[in-house]
Chemist: 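Before I ask anything, here is the structure I am working with.
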Amino acid sequence: MKKLHSLSLIFLALFIQSCFPVSIPPNLENGKLMEAKKFKRKLPGQYAYIFTDPKDANEFYYYLSAKFPPNQEGDSENNVPARIHNTDYYISFYETEKKSRVVNLLPAIANEVMREKNIAIELDEPPIVRDGTWYIALVITDAAFSDALSPDYKHQKEVLAYAKSLHNEYISTHNYNSLQFQNTTNTNK
């Protein structure tokens with residue numbers, strides 16, 4: 001009986017010291033096509049190609065600015081013109097964060113015990129710890145502002161392949177100035 005009692009005390013101690021994940025952001029390292037609003041409420045109600053952004057803040061903005069120089073119409077964040085299979089499209093992107101939430105029971109229980117015993121000391125560690133993962137959501141529309149990533153869109157496969165190629169190029173490119181050189185060589189051919 002003593003073994004069972006000691007074992008349950010050890011289990012209780014480990015349980016109290018553990019952190020429990022409440023929500024974990026998805027791993028979209030390889031990208032995924034989904035309705036943007038279902039991924040995050042603040043995103044538009046269109047389909048988006050969404051992927052995990054391992055780089056620093058604003059890096060995708062710098063990448064698009066280098067790939068599509070600002071002398072074209074639009075800015076480098078919304079409605080950036082792009083040509084996919086001889087058709088004009090517009091790319092918009094959104095940097096968004098999903099937070100993981102982890103509950104740590106030990107500080108909350110210790111604070112409660114101290115309150116019951118009228119001890120004025122409280123542990124500073126919050127009972128819920130947050131850590132975020134950043135994502136890029138690409139929304140692509142045609143000249144009529146139709147959702148080009150929608151499964152119902154006539155050329156959705158080509159547009160999705162283009163979004164995936166942007167993702168791969170962004171992840172693999174470290175010097176965005178080299179993109180400007182590539183763009184001038186490709187236009188001279």
Side-chain angles (χ1 to χ4, degrees), residues 21 23-101 130-189:
S23 66
I24 299 171
N27 179 0
L28 298 179
E29 200 173 289
N30 296 322
K32 186 175 182 180
L33 179 67
M34 65 179 76
E35 290 181 59
K37 218 170 210 18
K38 286 186 178 179
F39 183 74
K40 186 100 178 208
R41 274 184 263 160
K42 293 181 180 181
L43 293 176
Q46 297 171 289
Y47 278 84
Y49 178 74
I50 303 171
F51 59 91
T52 305
D53 186 6
K55 297 186 179 186
D56 292 335
N58 298 321
E59 284 292 316
F60 195 78
Y61 173 82
Y62 301 138
Y63 161 75
L64 275 187
S65 294
K67 183 152 182 80
F68 305 103
N71 63 353
Q72 297 180 10
E73 289 181 28
D75 58 29
S76 293
E77 192 169 338
N78 295 306
N79 297 327
V80 176
R83 197 140 178 87
I84 306 170
H85 293 284
N86 297 320
T87 305
D88 292 329
Y89 290 92
Y90 297 94
I91 302 169
S92 295
F93 79 92
Y94 303 87
E95 283 184 312
T96 188
E97 181 183 28
K98 279 212 166 199
K99 296 184 180 202
S100 61
R101 292 180 41 198
R130 291 180 177 232
D131 185 25
T133 301
W134 285 90
Y135 300 90
I136 299 293
L138 293 177
V139 174
I140 303 177
T141 57
D142 63 11
F145 294 103
S146 298
D147 184 355
L149 288 171
S150 169
D152 300 331
Y153 189 73
K154 185 177 178 181
H155 302 289
Q156 186 255 5
K157 287 181 182 175
E158 293 87 358
V159 175
L160 179 58
Y162 185 79
K164 288 178 181 181
S165 71
L166 283 178
H167 169 209
N168 291 333
E169 184 178 60
Y170 166 66
I171 296 299
S172 64
T173 304
H174 301 289
N175 180 1
Y176 302 135
N177 292 331
S178 66
L179 293 173
Q180 291 176 343
F181 177 71
Q182 288 174 350
N183 289 340
T184 57
T185 5
N186 290 341
T187 54
N188 291 335
K189 289 184 179 180

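The figures here come from the full heavy-atom set of this structure, side chains too, leaving out hydrogens, waters and symmetry mates.
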Chemist: Identify, with sequence neighbours excluded, every residue that meets salt bridge (Lys or Arg N to Asp or Glu O under 4.0 Å) alongside D88.
Modeler: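 With sequence neighbours excluded, D88 shows a salt bridge (Lys or Arg N to Asp or Glu O under 4.0 Å) to R83, given in chain and number order.
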Chemist: Go through the structure and list residues passing side chain to side chain contact (heavy atoms under 4.5 Å, CB included) with K154, not counting sequence neighbours.
Modeler: none
Chemist: In Å, rounded to the nearest 0.5 Å, how long is the span from CG of L64 to OG of S92?
Modeler: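 It is 9.5 Å, given to the nearest 0.5 Å.
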Chemist: Can you name the residues that form a side chain to side chain contact (heavy atoms under 4.5 Å, CB included) with N58, not counting sequence neighbours?
Modeler: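 Residues passing side chain to side chain contact (heavy atoms under 4.5 Å, CB included) with N58: Y62, E95.
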Chemist: Hey, what do you get for NZ (K40) to OH (Y94), rounding to the nearest 0.5 Å?
Modeler: 14.0 Å
Chemist: For R41, check salt bridge (Lys or Arg N to Asp or Glu O under 4.0 Å) against everything at least two apart and list the hits.
Modeler: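 By the salt bridge (Lys or Arg N to Asp or Glu O under 4.0 Å) rule, R41 matches no residue at all.
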Chemist: Going by the rule side chain to side chain contact (heavy atoms under 4.5 Å, CB included), which residues pair with K38 if we only count those two or more places apart in sequence or in a different chain?
Modeler: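 Once residues adjacent in sequence are excluded, the partners of K38 under the side chain to side chain contact (heavy atoms under 4.5 Å, CB included) criterion are E35.
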Chemist: Determine, stepwise, if the pair D142 / T87 fulfils side chain to side chain contact (heavy atoms under 4.5 Å, CB included).
Modeler: CA-CA 8 Å; D142 63 11; T87 305; 5.5 Å; no
Chemist: As an exercise, state the distance from CG of L33 to CD1 of I50, rounded to the nearest 0.5 Å.
Modeler: 8.5 Å
Chemist: Within 45° of the axis and under 6.0 Å from the centre of the six-membered ring of F39, does NZ or CZ of K98 qualify?
Modeler: yes
Chemist: If the condition is side-chain hydrogen bond (donor to acceptor under 3.5 Å, both in side chains), which residues does Q46 pass it with, not counting sequence neighbours?
Modeler: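 With sequence neighbours excluded, Q46 shows a side-chain hydrogen bond (donor to acceptor under 3.5 Å, both in side chains) to no residue whatsoever.
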Chemist: Atom CG in D53, atom OH in Y135: separation rounded to 0.5 Å?
Modeler: 11.0 Å
Chemist: For Y89, check ring pair (Phe, Tyr, Trp, His ring centres under 6.0 Å) against everything at least two apart and list the hits.
Modeler: none
Chemist: So, taking the atom named OG1 in T141 and the one named OH in Y153, what distance separates them when rounded to the nearest 0.5 Å?
Modeler: 8.5 Å
Chemist: Kindly list each side-chain donor-acceptor pair under 3.5 angstrom involving residues 159-167, sequence neighbours excluded, with atom names and distances?
Modeler:
{"residue": "S165", "atom": "OG", "partner": "Y162", "partner atom": "O", "Å": "2.7"}
{"residue": "H167", "atom": "ND1", "partner": "Y49", "partner atom": "OH", "Å": "2.9"}
{"residue": "H167", "atom": "NE2", "partner": "E29", "partner atom": "O", "Å": "3.4"}

Chemist: Side chains of Y176 and E59: any donor to acceptor distance under 3.5 Å?
Modeler: yes
Chemist: Looking at P44 and A36, what are the two nearest heavy atoms and their distance?
Modeler: O-CB, 3.3 Å
Chemist: Would you name the heavy atoms of A82 and I91 that are closest together and state the gap between them?
Modeler: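 Taking every non-hydrogen atom into account, CB-CD1, 3.7 Å.
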Chemist: Do any side-chain atoms of residues 143-150 form donor-acceptor pairs under 3.5 angstrom with protein atoms, and if so which ones, sequence neighbours left out?
Modeler:
{"residue": "D147", "atom": "OD1", "partner": "L149", "partner atom": "N", "Å": "3.1"}
{"residue": "D147", "atom": "OD1", "partner": "S150", "partner atom": "N", "Å": "3.4"}
{"residue": "D147", "atom": "OD2", "partner": "Y47", "partner atom": "N", "Å": "2.7"}
{"residue": "S150", "atom": "OG", "partner": "D152", "partner atom": "N", "Å": "3.3"}

Chemist: Rounded to the nearest 0.5 Å, what's the gap from CD1 on I136 to OH on Y61? Could you check?
Modeler: 13.5 Å
Chemist: Is any side-chain heavy atom of V80 closer than 4.5 Å to a side-chain heavy atom of K67?
Modeler: no
Chemist: Going by the side chain to side chain contact (heavy atoms under 4.5 Å, CB included) test, name the single residue among N30, N168, L138 that passes it with F51.
Modeler: L138
